[in-house]
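The structure appears below as structure tokens.
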Amino acid sequence: MSDQRILITGAAGIVGTLMRPRLARPGRILRLLDIAPLEPAAPGEQVEIVPGSVTDAEVLTRACADADAVIHLGGVSREDGWERILEVNIDGTHTVLEAARAAGVPRVILASSNHAVGFRRIGEAGPAGLPADSSARPDTYYGVSKAAVEALGSLYHSRFGMDVSCLRIGSCFERPVDVRQLSIWLSPQDCARLLEACLSTAEPGFRVLWGVSANTRAVVSQSEGERIGYHSRDDAEIFADQVPPGELPGYLGGAFCDIPLGQHNPL
Ligand SMILES: NC(=O)c1ccc[n+]([C@@H]2O[C@H](COP(=O)([O-])OP(=O)(O)OC[C@H]3O[C@@H](n4cnc5c(N)ncnc54)[C@H](O)[C@@H]3O)[C@@H](O)[C@H]2O)c1
């Protein structure tokens with residue numbers, strides 16, 4: 001059997017860097033794409049580096065050749081001007097999906113965000129938590145782009161039968177840093193578990209899933225992920241005494257609901 005090849009866009013970013021060692025497996029090649037520099041393959045590491053932009057169709061055509069799956073993380077990961085969000089996140093995702101379709105890649109995982117539904121009230125759906133497929137209530141242009149990413153994924157599933165998972169990631173970092181993140185943290189290990197579940201679903205489908213751990217203070221549903229075999233083993237609560245005291249925001253998107261629209265924001 002030939003090696004499984006997984007293209008990861010935005011591989012030099014926070015999530016990509018956390019996933020690189022965690023998704024490594026015998027018989028699997030990780031093909032890493034980014035506009036930012038990437039560490040060359042370490043001895044024994046099954047990695048291919050593709051420098052370039054998700055907005056470049058030629059780069060994506062090369063990057064998708066012989067790929068079994070795409071994990072699309074690349075793009076603008078916070079609020080920014082409309083033109084940049086449109087070009088990189090929306091046009092860029094279209095370019096990725098189109099190249100994947102043309103190359104016959106059967107499976108794509110798209111990084112969405114809690115900010116696609118940032119203006120949903122925490123607690124609005126009761127104790128079971130906000131369902132993963134709640135309709136879009138974006139809090140920023142960035143959030144709008146993630147809603148568009150999900151819509152593009154839905155289109156490519158319905159038209160071409162591609163298996164598409166959209167992950168509404170909460171906050172995926174080494175550890176949570178504030179009270180809000182105690183509710184929506186996705187541990188790096190759980191992120192890898194979630195991606196493995198998406199990579200091994202049997203039936204081609206389209207699904208929107210929360211990317212969160214089973215946090216004690218959870219505000220979103222776990223059931224959609226569990227249905228495809230994602231079982232979180234982590235809980236942000238172990239970091240609770242290291243987080244400054246504070247209140248949970250009223251809206252899921254937290255501070256993104258108040259930042260100026262369309263301005264580059266370091267948050
Ligand atoms: N980390 C989180 O908590 C979190 C939460 C919600 C959603 N997400 C989403 O997950 C994905 C990864 O997030 P992250 O935290 O690693 O973000 P990040 O900003 O650290 O990484 C994004 C990567 O994309 C690359 N990139 C930007 N423009 C590109 C282009 N035109 N072509 C190719 N690569 C490009 C950047 O160089 C960077 O390495 C993003 O799509 C983000 O919106 C992340």
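Order of appearance sets the numbers: ligands from 1, and atoms from 1 within every ligand.
Counting non-hydrogen atoms of other residues, nucleotides and ligands closer than 6.0 Å to CD of E39 gives a total of 12 or fewer. Within a 6.0 Å sphere centred on CD of Q242, other residues, nucleotides and ligands contribute more than 12 heavy atoms.
The heavy atom nearest to atom 35 (C) of ligand 1, out of those in L186, L110, I35, is found in I35. Of the candidates S53, G170, A111, the one placing a heavy atom closest to atom 31 (N) of ligand 1 is S53. Heavy-atom proximity to atom 1 (N) of ligand 1, evaluated over P51, C172, G92, is greatest for C172. Summarising the contacts of atom 27 (C) of ligand 1 with P188, G75, S145, S77, the nearest heavy atom is found in G75. In the candidate list W185, Y142, F173, Y142 is nearest to atom 43 (O) of ligand 1, counting heavy atoms. Considering S112, A116, G16 only, the shortest heavy-atom separation from atom 7 (C) of ligand 1 involves S112.
Below 4.0 Å from some heavy atom of A36 lie the following atoms of ligand 1, by number and element: 37 (O). Residue contact check: G74 has heavy atoms under 4.0 Å from atoms 24 (O) of ligand 1. Proximity to V15 (heavy-atom distance under 4.0 Å) selects the following atoms of ligand 1: 1 (N), 12 (C), 13 (O), 14 (P), 15 (O), 16 (O). Residue-ligand proximity, G52 to ligand 1, at heavy-atom distances under 4.0 Å covers atoms 32 (N), 33 (C).
Of the protein's non-hydrogen atoms, the one nearest atom 6 (C) of ligand 1 is I169 O, 3.3 Å. The protein atom (non-hydrogen) at minimum distance from atom 21 (O) of ligand 1 is G13 CA, 3.3 Å. Among protein heavy atoms, atom 11 (C) of ligand 1 sits closest to L73 O, 3.3 Å. For atom 32 (N) of ligand 1, the closest non-hydrogen atom on the protein side is V54 N, 2.9 Å. Scanning the protein for heavy atoms near atom 15 (O) of ligand 1, the closest one is I14 CB, 3.7 Å.
Annotation: cation-pi geometry satisfied between R101 and F160 (NZ/CZ under 6.0 angstrom from ring centroid, within 45° of ring axis). Annotation: cation-pi geometry satisfied between R121 and Y251 (NZ/CZ under 6.0 angstrom from ring centroid, within 45° of ring axis).
Heavy-atom distances between G211 and ligand 1 stay at or above 4.0 Å for every pair. Judged by the shortest distance from any of its heavy atoms, D34 lies inside the 4.0 Å radius around the atoms of ligand 1. Residue contact annotation: K146 has a non-hydrogen atom under 4.0 Å from ligand 1.
With respect to R207 and D133, no salt bridge is recorded, no charged nitrogen being found less than 4.0 Å from a carboxylate O. In this structure, R28 pairs ionically with E196, as a charged nitrogen and a carboxylate oxygen lie closer than 4.0 Å. Under 4.0 Å is where a charged nitrogen must lie from a carboxylate oxygen, and between E237 and R217 at least one such pair does. A salt bridge is absent between R120 and D139; no separation between the charged side-chain nitrogens and carboxylate oxygens falls under 4.0 Å.
Taking the six-membered ring where the residue is Trp, the centroids of W185 and F239 are separated by under 6.0 Å.
A donor-acceptor pair shorter than 3.5 Å cannot be found between the side chains of H115 and T140.
Proximity of a side-chain donor or acceptor of S213 to a complementary backbone N or O of N215 within less than 3.5 Å is not detected.
Contacts of A11 with ligand 1, taken as heavy-atom pairs under 4.0 Å, are absent altogether. When non-hydrogen atoms are compared, ligand 1 lies under 4.0 Å from the side chain of V88 (C-beta onward) but not from its backbone. Residue contacts with ligand 1 for H115 are absent, since no atom lies close enough (heavy atoms, distance under 4.0 Å).
A distance of 11.5 Å separates CG in L7 from CG in D66, rounded to the nearest 0.5 Å. Of the inter-residue distances, the one linking D91 atom CG with L86 atom CG reads 5.0 Å to the nearest 0.5 angstrom.
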